Amino acid sequence: MMRNLVPILTVVATLFVLWYGAAIALNAPWARDQAARAGQELGFGALVVQTWTQDKPKLPAPHQVAAEIWKTTGKMVLAGRGFSKRSLFYHSWITFSATALGFLLGTALGVALAIGIVYNRTMDMSVMPWVIASQTIPILAIAPMIIVVLNAVGISGLLPKAMISMYLSFFPVVVGMVKGLRSPGAMQLDQMRTWNASASQTFWRLRLPSSMPYLFTSLKVGMAASLVGAIVGELPTGAVAGLGARLLAGSYYGQTIQIWSALIMAATLAAALVGIIGLIQRVTLKRMGMA
C-alpha cells in the first residue's frame with residue numbers, strides 16, 4: 001500500500017507546488033499595479049500574500065478553492081441547507097441526473113449498435129464508419145443545435161441535456177463492445193459449433209461473458225464523457241442550476257474561485273461515478289471467475 005501511496009502523494013504535492021507558483025506568477029501584475037497606484041512597494045513576502053488572497057484572481061490558490069467548496073458544501077450542510085440553490089451538492093445533483101440518464105441511454109444504444117455490427121455484415125460496413133465520424137463533430141457545435149431542435153418540438157428540461165450526454169457516451173461503448181464480442185477465438189467458436197449451439201446461445205454463453213472486461217472499461221470512459229456532455233448541455237440553455245450553470249455564472253461575473261470550485265466538484269463527481277463502476281466491475285468479474 002505504501003508503495004502505491006508514496007508516488008501518488010509525490011505527484012499531488014508537486015501539482016500543489018506548481019499551482020501555488022502559477023498563482024503568484026499570474027496574479028502578481030494586478031498586485032503590483034494596485035501597490036503602484038497606492039504609492040507602495042511590495043516585497044516578495046507581501047507579494048505572495050497579495051497574490052494568494054485576491055477576491056477575483058486570474059488563478060485562485062488551492063486554499064481559496066478549498067474554502068469556497070467548504071462554504072458551498074460542508075458549511076451549508078451544518079446549517080441545514082445542504083441542498084439549497086447555493087449549494088454545490090444541489091448543482092451536482094442536477095448535473096448528475098442528466099449524466100445518469102444520458103449514460104443509460106448511451107449504454108443501451110452502444111450495446112445495441114455493437115450487437116448489430118458484430119452480427120450483421122451490412123451494419124459493420126455502413127454503421128461503424130458513421131459511428132466513428134460522429135465523434136469528429138465538436139460537441140460545443142452540436143449541443144446548441146440539439147437544444148434548439150428539441151425545444152422546437154416541445155422537449156425541454158432534463159432530456160435535451162441527457163441527449164447530449166448520450167451522444168458522447170455511446171461511442172466508447174460501441175467500440176468496446178464490438179471488440180469484446182469479437183474477442184472469442186476461432187477455437188472457442190468452433191467448439192460452440194460442435195455442440196450445435198445456436199447464434200443466441202453463442203451470444204449469451206460465449207460472446208457476452210467474454211465482452212464483460214471490455215464493457216466495463218468502456219463504461220468508465222462513457223460515464224466521464226456523459227458528465228462532460230451534461231455540463232456542456234447546460235451552457236447553451238441558460239440553465240440556472242447545475243455545475244455548467246455555476247461555470248457560466250462564474251464566467252459572467254469574473255468569479256474565478258467559483259469556476260474552479262465547480263470544476264473540482266465536477267472532477268470529484270466523475271471520480272466517484274467511475275469508482276462505482278470499477279467496484280461493480282470487480283464484484284462482477286470475480287463472480288464470473290475472471291478476477
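Predicted, not measured: the structure shown is a model, and the values here were computed from it.
- A distance of 12.0 Å separates CD1 in I280 from CZ in R282, rounded to the nearest 0.5 Å.
- Between F96 and W93, a ring centre-to-centre spacing shorter than 6.0 Å is recorded.
- The distance from atom OG1 of T51 to atom CD1 of I24, rounded to the nearest 0.5 Å, is 5.0 Å.
- Within the 3.5 Å criterion, the main-chain N or O of Q201 finds a donor-acceptor partner in the side chain of S198.
- Between the CG atom of L279 and the CZ atom of F216 there is a distance of 10.5 Å, given to the nearest 0.5 Å.
- Between the side chain of S183 and the main chain of G180, a donor-acceptor pair closer than 3.5 Å is present.
- The backbone N or O of P57 lies less than 3.5 Å from a partner atom in the side chain of T256, making a donor-acceptor pair.
- Counting heavy-atom neighbours within 6.0 Å of N196 CG, excluding the residue itself, gives a total of 12 or less.
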TODO: Begin from the C-alpha positions of Y214 and L181 and carry the test side chain to side chain contact (heavy atoms under 4.5 Å, CB included) through to its verdict.
DONE: CA-CA 9 Å; Y214 298 87; L181 292 173; over 6 Å; no
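- Side-chain atoms of D124 and Y119, non-hydrogen and from C-beta on, never get closer than 4.5 Å to each other.
- Residues E234 and I94 are in side-chain contact: their nearest non-hydrogen atoms beyond the backbone lie under 4.5 Å apart.
- Using modelled atom types, no side-chain atom of R207 and backbone atom of T202 make a donor-acceptor pair closer than 3.5 Å.
- Surrounding CZ of R205 are at most 12 heavy atoms belonging to other residues, nucleotides or ligands under 6.0 Å away.
- When all heavy atoms of V173 and S218 are compared, the pair lying nearest together is CA-CB, 3.8 Å.
- Across all their heavy atoms, A262 and R246 have their closest contact at CB-CB, 4.0 Å.
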For residues 99-117, which side-chain N or O atoms pair as donor and acceptor with protein atoms under 3.5 Å away, sequence neighbours left out?
{"residue": "T99", "atom": "OG1", "partner": "T95", "partner atom": "O", "Å": "2.8"}
{"residue": "T107", "atom": "OG1", "partner": "F103", "partner atom": "O", "Å": "2.8"}

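- Hydrophobic clustering (side-chain heavy atoms under 4.5 Å, transitive across Ile, Leu, Val, Met, Phe, Trp, Tyr) keeps W52 apart from I257.
- Between the side chain of N27 and the main chain of Q50, no donor-acceptor pair closer than 3.5 Å is present.
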- [ ] Please test Y167 against M163 for side chain to side chain contact (heavy atoms under 4.5 Å, CB included), starting from the C-alpha separation and ending with a verdict.
- [x] CA-CA 6 Å; Y167 176 80; M163 294 294 290; over 6 Å; no
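- Q188 places a side-chain N or O within donor-acceptor distance of the main-chain N or O of G185, the cut-off being under 3.5 Å.
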List, one per line, each side-chain donor-acceptor pair under 3.5 Å for residues 7-20, sequence neighbours excluded.
{"residue": "T10", "atom": "OG1", "partner": "V6", "partner atom": "O", "Å": "2.8"}
{"residue": "T14", "atom": "OG1", "partner": "T10", "partner atom": "O", "Å": "2.8"}
{"residue": "W19", "atom": "NE1", "partner": "P60", "partner atom": "O", "Å": "2.8"}
{"residue": "Y20", "atom": "OH", "partner": "H63", "partner atom": "ND1", "Å": "3.2"}

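- Under a cut-off of 6.0 angstrom, the local environment of CE in M265 is crowded, with over 12 non-hydrogen atoms contributed by other residues, nucleotides or ligands.
- Under a hydrophobic clustering in which Ile, Leu, Val, Met, Phe, Trp and Tyr are joined whenever their side-chain heavy atoms come within less than 4.5 Å, directly or via other members, L189 and L208 fall into different clusters.
- For CG of D190, the number of neighbouring non-hydrogen atoms (other residues, nucleotides, ligands) closer than 6.0 Å is greater than 12.
- Looking at Q135 and F170, their side chains come closer than 4.5 Å, going by heavy atoms from C-beta outward.
- Heavy-atom minimum distance, V65 versus W260: CG2-CB, 3.8 Å.
- No side-chain donor from either of S261 and Q258 sits under 3.5 Å from a side-chain acceptor of the other.
- A donor-acceptor pair is defined here as one N or O able to donate and one able to accept, closer than 3.5 Å; such a pair exists between the side chain of S165 and the backbone of S226.
- Using modelled atom types, one side-chain atom of S134 and one backbone atom of V131 make a donor-acceptor pair closer than 3.5 Å.
- Between P213 and Q281 the shortest heavy-atom distance is O-NE2, 4.3 Å.
- Residue M123 is grouped with residue V178 when hydrophobic side chains (ILVMFWY) are merged at heavy-atom distances under 4.5 angstrom, including chains of intermediate members.
- Here the closest heavy-atom approach between residue S211 and residue M177 is recorded as OG-CE, 3.6 Å.
- Counting only distance, with no hydrogens or angles, the side chain of Q64 and the backbone of Q54 share a donor-acceptor pair below 3.5 Å.
- In plain terms, the two heavy atoms of G229 and I164 that are nearest each other are O-CG2, 3.5 Å.
- The cluster map of Ile, Leu, Val, Met, Phe, Trp and Tyr, joined by side-chain heavy atoms under 4.5 Å apart, puts F89 and L273 in the same cluster.
- With values rounded to the nearest 0.5 angstrom, T73 atom OG1 is found 9.5 Å from E68 atom CD.
- The CG atom of L243 sits 12.5 Å away from the CG atom of L248 when rounded to the nearest 0.5 Å.
- One distance of note links CG of L269 with CD1 of I231; it measures 8.0 Å at 0.5 Å rounding.
- Both L168 and M128 belong to a common hydrophobic cluster when Ile, Leu, Val, Met, Phe, Trp and Tyr are linked at side-chain heavy-atom distances under 4.5 angstrom.
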